[in-house]
Novice: 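Please see the structure below; I have some questions.
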Amino acid sequence: MIDFKIKVMIKNSLIIFLLFFSFSTFSQDKKNEVDLIKTTIENYYNGYINRDFMLLEKAFDHQNGTMKVPILKDEKIIGFQNHFFKDLIKKWSSREKLSDDVLKKCALTILNIDIVEQKMASAKINMKVDTITYIDILSLQKIAGDWKITNKTFVIKE
């Protein structure tokens with residue numbers, strides 16, 4: 001009878017250990033993915049405010065990725081069109097550099113990250129650049145082992 005109880009205790013302890021180890025490993029994997037996604041978002045932000053082509057290229061799917069850009073008529077949004085990141089990255093990185101005073105006032109806040117099966121994710125960010133605050137919704141996918149922003153839509157916070 002005592003041997004049976006010991007076997008049951010050992011079995012239960014082993015199950016608890018395996019469950020804890022599995023959960024711990026899963027949590028660590030998810031944390032690593034969140035950190036990698038944050039790095040991608042920070043590359044976007046730093047590339048954008050510093051006009052750094054290389055950081056922007058690291059952040060975006062510059063082959064097929066797109067941004068939804070509002071179509072304006074009489075200062076009202078009447079629709080949206082896709083602009084490819086390969087064109088936007090060139091435009092953003094060639095803009096006039098921001099002054100040190102403006103750069104000090106810039107800020108990035110990552111509001112939310114949601115990961116699906118470590119293959120795709122969405123992120124909501126608040127990005128203050130000079131006097132404008134953008135709220136971006138980003139779609140990210142893991143491409144060749146790296147997280148890339150594949151789609152972006154935004155509003156300007158008023």
Side-chain angles (χ1 to χ4, degrees), residues 18-99 101-158:
L18 289 174
L19 286 173
F20 176 76
F21 181 74
S22 296
F23 179 74
S24 170
T25 302
F26 174 75
S27 295
Q28 185 64 35
D29 288 347
K30 188 169 183 176
K31 182 185 180 316
N32 288 341
E33 295 302 323
V34 169
D35 289 342
L36 293 170
I37 290 168
K38 284 180 179 178
T39 298
T40 298
I41 293 168
E42 290 165 357
N43 285 339
Y44 157 40
Y45 168 73
N46 288 315
Y48 187 82
I49 66 168
N50 292 304
R51 313 310 195 213
D52 186 320
F53 181 85
M54 297 304 285
L55 283 178
L56 290 167
E57 197 170 52
K58 281 175 81 171
F60 289 95
D61 172 7
H62 53 88
Q63 299 298 315
N64 300 303
T66 60
M67 179 172 87
K68 299 286 186 197
V69 177
I71 301 168
L72 300 174
K73 182 176 182 182
D74 299 325
E75 297 185 31
K76 292 186 182 182
I77 297 174
I78 61 167
F80 294 88
Q81 61 187 11
N82 285 327
H83 286 218
F84 285 93
F85 290 131
K86 63 184 170 194
D87 301 322
L88 291 168
I89 289 169
K90 291 175 192 170
K91 179 181 175 183
W92 292 340
S93 62
S94 65
R95 287 181 175 164
E96 184 179 332
K97 299 276 186 197
L98 299 174
S99 71
D101 287 339
V102 170
L103 284 172
K104 288 177 191 172
K105 296 175 188 172
C106 291
L108 169 68
T109 305
I110 298 173
L111 302 170
N112 185 28
I113 294 176
D114 187 27
I115 303 170
V116 179
E117 296 185 12
Q118 298 182 4
K119 295 178 185 173
M120 71 176 189
S122 63
K124 181 179 178 182
I125 67 170
N126 181 321
M127 196 166 86
K128 184 174 182 338
V129 180
D130 199 10
T131 60
I132 300 171
T133 300
Y134 300 96
I135 304 294
D136 290 1
I137 303 292
L138 308 172
S139 296
L140 299 98
Q141 285 186 289
K142 203 172 234 186
I143 300 173
D146 295 320
W147 285 102
K148 298 286 186 178
I149 299 167
T150 56
N151 195 281
K152 170 186 157 166
T153 188
F154 70 96
V155 295
I156 297 174
K157 190 174 178 180
E158 296 185 27

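Every heavy atom of this structure was used, including side-chain atoms; hydrogens, water molecules and symmetry mates were not.
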Novice: Rounded to the nearest 0.5 Å, what separates atom NZ in K142 from atom CD in Q118?
Specialist: 6.0 Å
Novice: Give, for atom CG of L55 and atom OG1 of T40, the distance between the pair rounded to the nearest 0.5 Å.
Specialist: 11.0 Å
Novice: Between D130 (side chain only) and I132 (backbone N and O only), is there a donor and an acceptor less than 3.5 Å apart?
Specialist: no
Novice: Rounded at 0.5 Å granularity, tell me how far CD1 in I149 sits from OG1 in T66.
Specialist: 12.0 Å
Novice: Does atom NZ (K38) have a neighbourhood of more than 12 heavy atoms from anything else shown, all under 6.0 Å?
Specialist: no
Novice: Would you confirm whether K148, through its side chain, and K58, through its main-chain N or O, come within 3.5 Å as a donor-acceptor pair?
Specialist: yes
Novice: Could you walk me through whether F80 and V69 pass the side chain to side chain contact (heavy atoms under 4.5 Å, CB included) check?
Specialist: CA-CA 5 Å; F80 294 88; V69 177; over 6 Å; no
Novice: Do side-chain atoms of Y45 reach the backbone of A107 as a donor and acceptor pair under 3.5 angstrom?
Specialist: yes
Novice: Applying salt bridge (Lys or Arg N to Asp or Glu O under 4.0 Å), run through R51 and E96 and close with a yes or a no.
Specialist: CA-CA 8 Å; R51 313 310 195 213; E96 184 179 332; over 6 Å; no
Novice: How about K128: does its NZ atom have over 12 heavy atoms from other parts shown lying under 6.0 Å from it?
Specialist: yes
Novice: Any side-chain to backbone donor/acceptor pair from T133 onto V129? Under 3.5 Å, distance only.
Specialist: no
Novice: Which one of W147, F84, Y48, W92 satisfies the ring-ring contact (aromatic ring centres under 6.0 Å, His included) criterion with F60?
Specialist: W92
Novice: Nearest 0.5 angstrom please: N46 CG to L56 CG, how far?
Specialist: 9.5 Å
Novice: If you count heavy atoms of other groups shown closer than 6.0 angstrom to CD of E117, is the number above 12?
Specialist: no
Novice: Under a 3.5 Å threshold, yes or no: a donor from one side chain and an acceptor from the other, between T150 and D61?
Specialist: no
